[in-house]
Amino acid sequence: MANMDPIPVRVFSLNCWGIRYLSKYCSQRYHMIGDMLCKEKHDIVLLQEVWSEKDYLFLKKKLSCTHPYTHYFKSGVIGSGLAIFSKYRIHDTLLYRYSLNGYPYMAHHGDWFGGKAVGMAVLSLGNLTANVYVTHLHAEYNREKDSYLAHRVVQAWELQQFIRHTSAGADVVILGGDLNMHPQDLGNRLLRSYTGLRDAYTETAKFDGCEGGVTLIADNPFISKKEIFPFEKGIRIDYVLFKGSSRAEIRCDSLSTTKGSVADSPFPYSDHEALTAELKLDSCVSAEAGKDEAFKTPDSSAGNLAELVDIVTEARTEVKVGLHCAERMRYTAARTGVMGLALLFLELVIAAVPWFALGAEQPFPQTSFYLLAALCFAILLTTSLLYIFYTIEIKSLQGAEDQMRLAVGSLHEKLRGFPVTQPHSASLRSPEGQDPPALDPVE
């Protein structure tokens, strides 16, 4: 085996909180971010919540010398908010929009309009191919009564699928972004266990930043205590994750975060803290290491199978809870729609009275009659749209639950000690001539 010189890679990740006309000091903060990125000269910059394309174009122009290669991922009504800046050439990009992302009638939260997604860029780091991912998952607005937990679990499930299915030919995988999940939350454990991604905070040899690596801190003037309750010091929801392959080893030499305040400025870069991970890539050239061996995910290791089964089963349970809630909401929308339709039909009957009873007058004042008809029509239209939306949500949840069921079945078979694709046959009989025990149904 021949080893080449290590390749240093500095990765920067920040949720910019860039909602024009709503976020405080938005324009000034973008100027600050641009100045800082020009000065620090990171190799890869992963930004979230760059909601305005004008702000992206401003950063693109400002960073043209230090980061000549850029890409802005467009999705949803107001965009995905995801952008990548790199000093290495970007060879290819791909965007996957999550199938579930909140509710359109929760306009004050706004996640549904943002088109949350995961963006991928293929870069060449020296002689290595790196798949770099940037993402932003649905926010958690109330930890005690989390209405979006099922959506976030499905997003984490789709994120790990996207990474696993697109990174087969990569030497190195790097993921940065705002996952909106605590380190031990279900979606976070699902993502890391299935993909084998390692957390820069737990893997780093040196850390300089907020205590506990928190990225939403109480000392930030843009943060209210309610957002981080009951965690007084803050929460860690922004991450840089990475993993290598049989052709490349990767390690984190240091990780740092901003600490709320910025020198010579009355306010910080964002309501989130920025992360900077200094990674080292060691290229390994081996005659025995082929392309097919590139990524051995934890599910191929017997030691982690049982834990992975538990995590996926827990995720299935949460998805089923969300599915039950969506079915109940669809039933409520259908029942309300039927009531509106019945009321509209009753109005039509009343309107037809003068036609059948010659000389009879309209029993209701004309203005009230039209207002009631408009109300009935509005109820019917609203409930019809809600019924369609909840049907889409139900099908997405059902699809994710089906995929998880198949995954659990596959993992159970691996735990039993025989390959998934190998049929039950006489060749699988035990020395005593008995068939191996049947797999318990996974439901």
Side-chain angles (χ1 to χ4, degrees), residues 3-15 36-37 39-48 63 66-71 82-91 118-135 159 163-164 166-167 169-179 183 188 191-192 195-210 213 215 236 238-258 272-285 289 294-298:
N3 291 320
M4 301 182 181
D5 293 335
I7 303 173
V9 179
R10 296 186 73 216
V11 180
F12 177 89
S13 178
L14 173 65
N15 180 323
M36 179 266 293
L37 292 176
K39 178 181 177 182
E40 294 294 330
K41 297 181 180 180
H42 301 87
D43 297 306
I44 301 171
V45 175
L46 306 173
L47 301 181
Q48 308 93 53
L63 303 178
T66 56
H67 300 82
Y69 307 106
T70 70
H71 187 75
L82 305 176
I84 180 171
F85 298 82
S86 172
K87 81 171 190 179
Y88 296 98
R89 178 174 293 279
I90 299 175
H91 297 287
V118 51
M120 180 195 77
V122 180
L123 281 63
S124 291
L125 306 180
N127 64 326
L128 299 175
T129 298
N131 278 21
V132 179
Y133 300 86
V134 56
T135 191
L159 175 58
I163 292 174
R164 286 194 301 114
T166 57
S167 62
D171 300 312
V172 173
V173 170
I174 299 172
L175 168 65
D178 177 7
L179 299 185
N188 205 327
L191 170 64
R192 288 184 285 110
T195 61
L197 289 168
R198 294 147 57 196
D199 187 351
Y201 175 72
T202 59
E203 297 283 334
T204 186
K206 178 184 177 183
F207 176 74
D208 177 28
C210 302
T215 56
R236 185 161 76 95
D238 299 89
Y239 299 85
V240 173
L241 308 176
F242 60 87
K243 74 171 180 178
S245 69
S246 61
R247 300 182 301 278
E249 296 178 355
I250 183 171
R251 66 181 186 272
C252 182
D253 284 348
S254 72
L255 177 71
S256 62
T257 71
T258 53
H272 288 241
E273 301 308 313
L275 291 87
T276 299
E278 298 191 6
L279 308 177
K280 283 286 180 64
L281 281 57
D282 291 303
S283 178
C284 304
V285 180
F295 280 83
K296 292 187 177 181
T297 53

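Index from 1, following the sequence.
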Determine, step by step, whether N15 and T215 satisfy the side-chain contact (heavy atoms from CB on, under 4.5 Å) criterion, reporting the C-alpha distance in whole Å, the side-chain angles of both residues, the deciding distance to 0.1 Å, and the verdict.
CA-CA 10 Å; N15 180 323; T215 56; over 6 Å; no
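- Interatomic distance, K280 NZ to S254 OG, rounded to the nearest 0.5 Å: 9.0 Å.
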Carefully, step by step, assess V173 and Y133 under the rule side-chain contact (heavy atoms from CB on, under 4.5 Å).
CA-CA 8 Å; V173 170; Y133 300 86; 3.8 Å; yes
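- With values rounded to the nearest 0.5 angstrom, L241 atom CG is found 11.0 Å from R198 atom CZ.
- Residues A277 and A200 share a closest heavy-atom pair of CB-CB, 4.5 Å.
- Here D253 pairs with R251 in a salt bridge; the nearest charged N to carboxylate O distance falls below 4.0 Å.
- Taking both residues in full, the closest heavy atoms of G126 and I7 are given as CA-CD1, 4.1 Å, listed atom of the first, atom of the second, then distance.
- With hydrogens and angles ignored, the 3.5 Å screen pairs a side-chain donor or acceptor of N131 with a backbone N or O of T166.
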Determine, stepwise, if the pair S283 / N127 fulfils side-chain hydrogen bond (donor to acceptor under 3.5 Å, both in side chains).
CA-CA 8 Å; S283 178; N127 64 326; 3.1 Å; yes
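- Judged by distance alone, the side chain of T258 and the main-chain N or O of A274 form a donor-acceptor pair under 3.5 Å.
- Of all non-hydrogen atoms in G244 and I250, the two that sit nearest each other are N-CG2, 3.3 Å.
- When every heavy atom of G169 is checked against every heavy atom of R247, the shortest pair comes out as O-NH2, 3.8 Å.
- Side-chain N or O atoms of T204 include one that pairs as donor or acceptor with a backbone N or O of L255 at under 3.5 Å.
- At least one donor-acceptor pair under 3.5 Å links the side chain of Q48 to the backbone N or O of L46.
- Centroid-to-centroid, the aromatic rings of Y88 and Y69 stay 6.0 Å apart or farther.
- To the nearest 0.5 Å, atoms CG (L82) and CG (L47) are separated by 9.5 Å.
- Counting only heavy atoms from C-beta outward, the side chains of N188 and Y239 approach each other to under 4.5 Å.
- In this pair, H42 and F12 present their aromatic rings tilted. The plane angle is within the 30 to 60° band.
- D43 and K87 are joined by a salt bridge, as a carboxylate oxygen and a charged side-chain nitrogen come within less than 4.0 angstrom of each other.
- The backbone N or O of C210 lies less than 3.5 Å from a partner atom in the side chain of T257, making a donor-acceptor pair.
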Chi angles and distances behind the side-chain contact (heavy atoms from CB on, under 4.5 Å) call for R236, D199:
CA-CA 12 Å; R236 185 161 76 95; D199 187 351; 2.9 Å; yes
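- Between the side chain of R10 and the backbone N or O of V45 there is no donor-acceptor pair closer than 3.5 Å.
- L279 contributes atom CG, which lies 5.5 Å from atom CD1 of I174 (distance to the nearest 0.5 angstrom).
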Worked verdict on V132 versus I90 for side-chain contact (heavy atoms from CB on, under 4.5 Å)
CA-CA 10 Å; V132 179; I90 299 175; over 6 Å; no
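- Formation of a donor-acceptor pair under 3.5 Å by the D171 side chain with backbone atoms of T129 is found in this model.
- Atom CE of residue M120 and atom CG of residue L175 lie 12.5 Å apart, to the nearest 0.5 angstrom.
- When atom types are taken as modelled, the side chain of R192 and the backbone of P183 share a donor-acceptor pair closer than 3.5 angstrom.
- To the nearest 0.5 Å, the span separating CG on L123 from CG on L128 amounts to 12.0 Å.
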